[in-house]
Structures are given as structure tokens and as C-alpha cells.
Chemist: 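Before we start, here is the structure in question, set down as C-alpha cells.
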Amino acid sequence: MPSTLPDGDPVPADGALPGSALEGLGTRPFAFYVHVPFCVTRCGYCDFNTYTATELGPGASRDSYADTAVAEVRMARRVLGDADLPVQTVFVGGGTPTLLAPDDLGRVLAAIDAEFGLASGAEVTTEANPESVDEAYVAKLREVGFTRVSYGMQSAREHVLAVLERTHTPGRVPQVVEWTRKAGFEHINLDLIYGTPGETDDDWRASLEAALACEPDHVSAYALIVEEGTRLAAQVRRGELTAPDDDAMADRYLIADDLLGAHGLHWYEISNWASSPEAACRHNLLYWTGADWWGVGPGAHSHVGGTRWWNVKHPAAYAARLAEGTTPAYAREVLAADDRRIERIMLELRLADGCPADLLDAAAVRRAVADGLIDPGPYERGRAVLTRRGRLLADAVTRDLT
């Protein structure tokens with residue numbers, strides 16, 4: 001089941017934000033994340049806040065979900081007041097967003113546009129599972145205003161998909177990409193996972209090659225994490241599956257970086273490669289560079305001006321609060337200046353542009369340069385940028401630098 005929410009400070013019933021959060025509102029980019037918490041089945045490795053039909057219970061449904069999400073969009077407008085906040089990006093994630101009808105997704109997008117206005121050229125993304133769409137569905141997505149689709153491919157090997165408990169077949173991905181391109185989408189991402197128990201280096205190469213054969217302009221590649229409370233964690237604990245090996249994970253990352261780079265996709269964030277700056281996921285870049293965003297949906301997180309909050313997790317509790325006209329927020333925290341500095345370092349250091357070197361401990365960053373973890377060229381120009389070796393050790397490097 002999904003992990004528990006963190007504790008925090010109470011949130012006023014009307015969702016009002018502290019004055020510090022509203023200072024400078026409109027001077028920072030603004031985005032929406034919309035969480036769709038439904039899945040047909042739960043994959044064994046997943047601890048996201050998602051629910052199958054049998055887990056959902058009374059008080060919430062797919063059919064009513066768009067109306068509930070629209071109610072939170074309207075609440076966001078009331079909480080944020082009259083500030084001019086053109087929405088730069090919208091990202092619909094899950095779960096499986098494409099279990100909702102495209103017209104439902106379009107209604108949520110239309111509400112965001114009506115309440116805040118979509119900026120000219122706004123990026124509008126939805127995640128999708130390959131088996132959850134057909135040709136007519138993706139054509140309708142384009143019609144209602146989506147500009148980008150991110151498919152959960154994960155692997156091109158059937159035995160790897162079986163361990164992950166993914167239900168699509170490898171041949172489904174090229175088909176849906178073809179439909180998506182035919183519908184007029186210029187930007188298509190494929191998500192891959194490496195390090196699955198039983199996967200070999202050759203399996204991983206085959207998955208990368210299969211993804212590249214689809215000619216996406218963006219690929220995300222994530223190391224498998226065995227999350228506590230998942231079926232995968234239980235299988236590893238019982239010895240039925242072997243836990244991912246750190247050295248193998250590092251090798252797979254290097255294989256990905258080499259193959260993707262050779263095909264014209266270059267890293268711009270540790271786990272993300274794009275064919276051009278225009279192909280990079282602008283929504284995620286806003287997360288990584290300290291923008292403001294409102295997260296709609298059960299369990300969704302939001303951030304405005306150094307205040308972060310998160311919604312109640314269960315769709316029924318979420319719907320009930322909004323029906324009563326009260327905030328669905330469960331708790332919040334106001335980040336202190338040093339917390340914001342550390343978060344900025346943690347996020348920006350993952351980017352190919354790095355972060356300002358003067359944010360870092362000076363002696364530690366000089367050691368990292370000497371150890372080959374920070375690129376000396378950008379450092380001389382005041383930026384701390386991870387080398388390829390530094391990317392492999394990013395978490396440890398970040399701890400040392402802060």
C-alpha cells in the first residue's frame with residue numbers, strides 16, 4: 001500500500017497560506033500538478049498513492065473525479081487571490097491518468113485555464129500506460145489541449161515486465177508512440193526502469209535500443225528502488241528475488257548514458273535525457289529550480305513561496321473535504337531559509353547546469369573538484385556541475401557539499 005503522509009503543521013480550513021508564501025507571488029513561474037489516483041492493478045514495486053477498484057471503497061469514483069479536481073482548482077484560485085499567475089506547465093500523473101476519459105482530463109485542464117490562464121505555449125503533459133490508450137484516445141488528448149505524453153515503458157523484456165508486474169507487452173509501445181505522433185504530438189517521453197531482479201546488462205541494452213527505435217525526443221531512466229510495504233519488498237525479504245546491486249546499477253546508468261548520448265539524447269538532469277532544450281520536461285525543471293506549483297488530488301504536494309503542503313491520501317476523504325468547501329490539505333510546513341538553501345542545492349545539483357558554487361561549503365567543493373566529482377571548468381565560472389562519476393555518487397556528493 002502507499003506510504004504514509006508526513007506530519008506537519010495544521011492547515012486552516014479555508015486553506016489560507018501564510019503571508020510569507022504570498023510575497024512575490026507571480027514573480028516566480030507557476031504550474032499545476034494533477035494526481036489521478038486510479039490503477040487497474042497495483043504493480044509490485046509501486047508505493048505511489050494509487051487505488052484499484054477493490055481498494056477504492058465508497059465515497060469516490062473515477063466518474064466523479066474530474067468534478068472533484070475542478071473544485072480544488074477553484075479553491076486554489078480563492079486561496080491565491082487575484083495575483084496574475086499564468087500557468088507555465090500542467091502535468092497529470094498517477095496512477096494511470098488515462099483511465100479517465102480524455103474529456104474528463106480536458107475539463108480539469110479547461111478549469112485551470114479558466115481560473116488562471118494557460119501561458120502562451122504552455123507545456124501540458126499526461127502520463128499514460130501503453131495498454132491504457134488507443135488511437136482515438138490519443139487523438140482526443142491532443143484535441144483537448146495536451147502537448148506531451150509520457151509513457152511508462154519500463155522495459156522491452158517480457159521477463160522483466162513480469163517481475164515488475166507490468167501488464168503491457170513490449171510490442172505495444174511502438175504502436176502507441178506511432179498513434180501519438182500521428183495525433184500531432186511533438187514531444188513524447190518513454191520512462192524506463194533499470195535494476196529489476198533478473199535483468200542483465202543485455203536486457204537493459206535491449207530496452208534502451210527498443211526505446212530509441214521509437215524515436216522519442218525524451219527518455220527518463222530510473223534505478224529501481226525497493227520500497228518498504230510493496231510486494232516487491234516482501235519478495236526480496238523472503239529471498240524469492242535478489243535486491244538490486246549498487247555496482248550493477250552504476251553499470252546500467254553508464255550504459256544508458258552512452259547509448260542515449262550516441263543517439264543524440266543528452267542528459268540535462270541525472271535521470272533524464274532530451275534531444276534538445278525544447279524537448280526537456282519544462283514541468284520537472286520548474287520543480288528543480290524552485291518555482292511555485294499547486295498539486296491537485298489525493299496525496300498531492302504543493303509548494304508556494306517556501307510553504308509546502310500535502311493533501312489527504314484517500315480519494316473518498318479528499319472528495320468529502322472539497323464537498324464541504326474545506327481544504328483537502330492534511331498538513332504543511334514553512335521552510336526556513338537554511339532548509340530552502342539545502343533543497344536548492346539538492347535539486348539544482350542534479351541538473352546539467354548545476355548550482356551556484358557560492359551556495360556550497362567552499363572546502364568541500366574544492367575537495368570534490370580534486371576528487372573528480374565536480375567539473376573544474378564550470379567551477380572556475382562559479383557553477384558546481386557534477387562530472388559523470390559525480391552523477392553516480394550524487395546523493396553522497398550532495399551531503400558532503402551541504
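Numbering of residues begins at 1 and proceeds along the displayed sequence. None of these values were measured; they are calculated from a predicted model.
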Chemist: Tell me, which pairs form a ring pair (Phe, Tyr, Trp, His ring centres under 6.0 Å) where one or both residues lie in residues 174-196, sequence neighbours left out?
Modeler: Tyr194-Trp204
Chemist: Crowded around Met346 CE? As in, over 12 foreign heavy atoms under 6.0 Å?
Modeler: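 Open.
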Chemist: Before accepting this row, confirm whether a basic side-chain N of the pair Arg172/Glu131 lies closer than 4.0 Å to the acidic partner's carboxylate O.
Modeler: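 Salt bridge: no.
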Chemist: Taking the six-membered ring where the residue is Trp, are the ring centres of Tyr33 and Trp310 under 6.0 Å apart?
Modeler: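 Judged by ring-centre distance (under 6.0 Å), Tyr33 and Trp310 do not meet the cut-off.
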Chemist: Test the Arg350-Trp288 pair against the cation-pi criterion, namely NZ or CZ under 6.0 angstrom from the six-membered ring centroid and within 45° of the ring axis.
Modeler: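 No - Arg350 does not lie over the ring of Trp288 by the 6.0 Å and 45° rule.
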Chemist: Got a donor-acceptor contact below 3.5 angstrom from the Ser302 side chain to the Gly295 backbone?
Modeler: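 Yes; judged by distance alone, with no hydrogens or angles, the pair exists.
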Chemist: For the pair Val79 and Val304, evaluate side-chain contact (heavy atoms from CB on, under 4.5 Å) and give the outcome as yes or no after the intermediate values.
Modeler: CA-CA 11 Å; Val79 169; Val304 173; over 6 Å; no
Chemist: In terms of side-chain geometry, is the basic nitrogen of Asp375 or Arg383 positioned less than 4.0 Å from the acidic oxygen of its partner?
Modeler: no
Chemist: Decide, yes or no, whether a salt bridge links Asp103 with Lys140 under the criterion of side-chain N to carboxylate O below 4.0 Å.
Modeler: yes
Chemist: So, Gln88 side chain and Pro29 main chain: donor-acceptor pair closer than 3.5 Å or not?
Modeler: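 Flag not set: sc Gln88 to bb Pro29 has no pair under 3.5 Å.
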Chemist: Please list all pairs passing the ring pair (Phe, Tyr, Trp, His ring centres under 6.0 Å) test where one or both residues lie in residues 54-80, with sequence neighbours left out.
Modeler: Phe38-Tyr65
Chemist: Taking Asn311 for the side chain and Gly297 for the main chain, is one N or O donor matched with an acceptor at less than 3.5 Å?
Modeler: yes
Chemist: Would you call Glu178 and Arg181 a salt bridge, taking side-chain N to carboxylate O under 4.0 Å as the test?
Modeler: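 No, Glu178 and Arg181 are not salt-bridged.
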Chemist: Tell me, yes or no, whether the heavy-atom count around Glu215 atom CD, taken from other residues, nucleotides or ligands under 6.0 Å, exceeds 12.
Modeler: no
Chemist: Knowing that exactly one of Arg166, Met153, Gln154, His168 qualifies, which makes a side chain to side chain contact (heavy atoms under 4.5 Å, CB included) with Asn129?
Modeler: Arg166
Chemist: Would you mind writing out the side-chain donor-acceptor pairs for residues 393-402 within the sub-3.5 Å range, not counting sequence neighbours?
Modeler:
residue: Thr398; atom: OG1; partner: Ala394; partner atom: O; Å: 2.8
residue: Thr402; atom: OG1; partner: Thr398; partner atom: O; Å: 3.1
residue: Thr402; atom: OG1; partner: Arg399; partner atom: O; Å: 3.3

Chemist: Under 6.0 Å between ring centres: does that hold for Tyr51 and His314?
Modeler: yes
Chemist: Any donor-acceptor pair under 3.5 Å linking the side chain of Arg341 with the backbone of Leu359?
Modeler: yes
Chemist: Does Glu186 have more than 12 heavy atoms from other residues, nucleotides or ligands lying within 6.0 Å of its CD?
Modeler: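 Open: at most 12 neighbouring heavy atoms sit under 6.0 Å from CD of Glu186.
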Chemist: Can Arg388 and Asp258 be counted as an ion pair, charged N to O under 4.0 angstrom?
Modeler: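 Counted as a salt bridge, because a side-chain N and a carboxylate O are separated by less than 4.0 Å.
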Chemist: Within the 4.5 Å heavy-atom criterion, are Cys43 and Leu164 side-chain neighbours or not?
Modeler: no
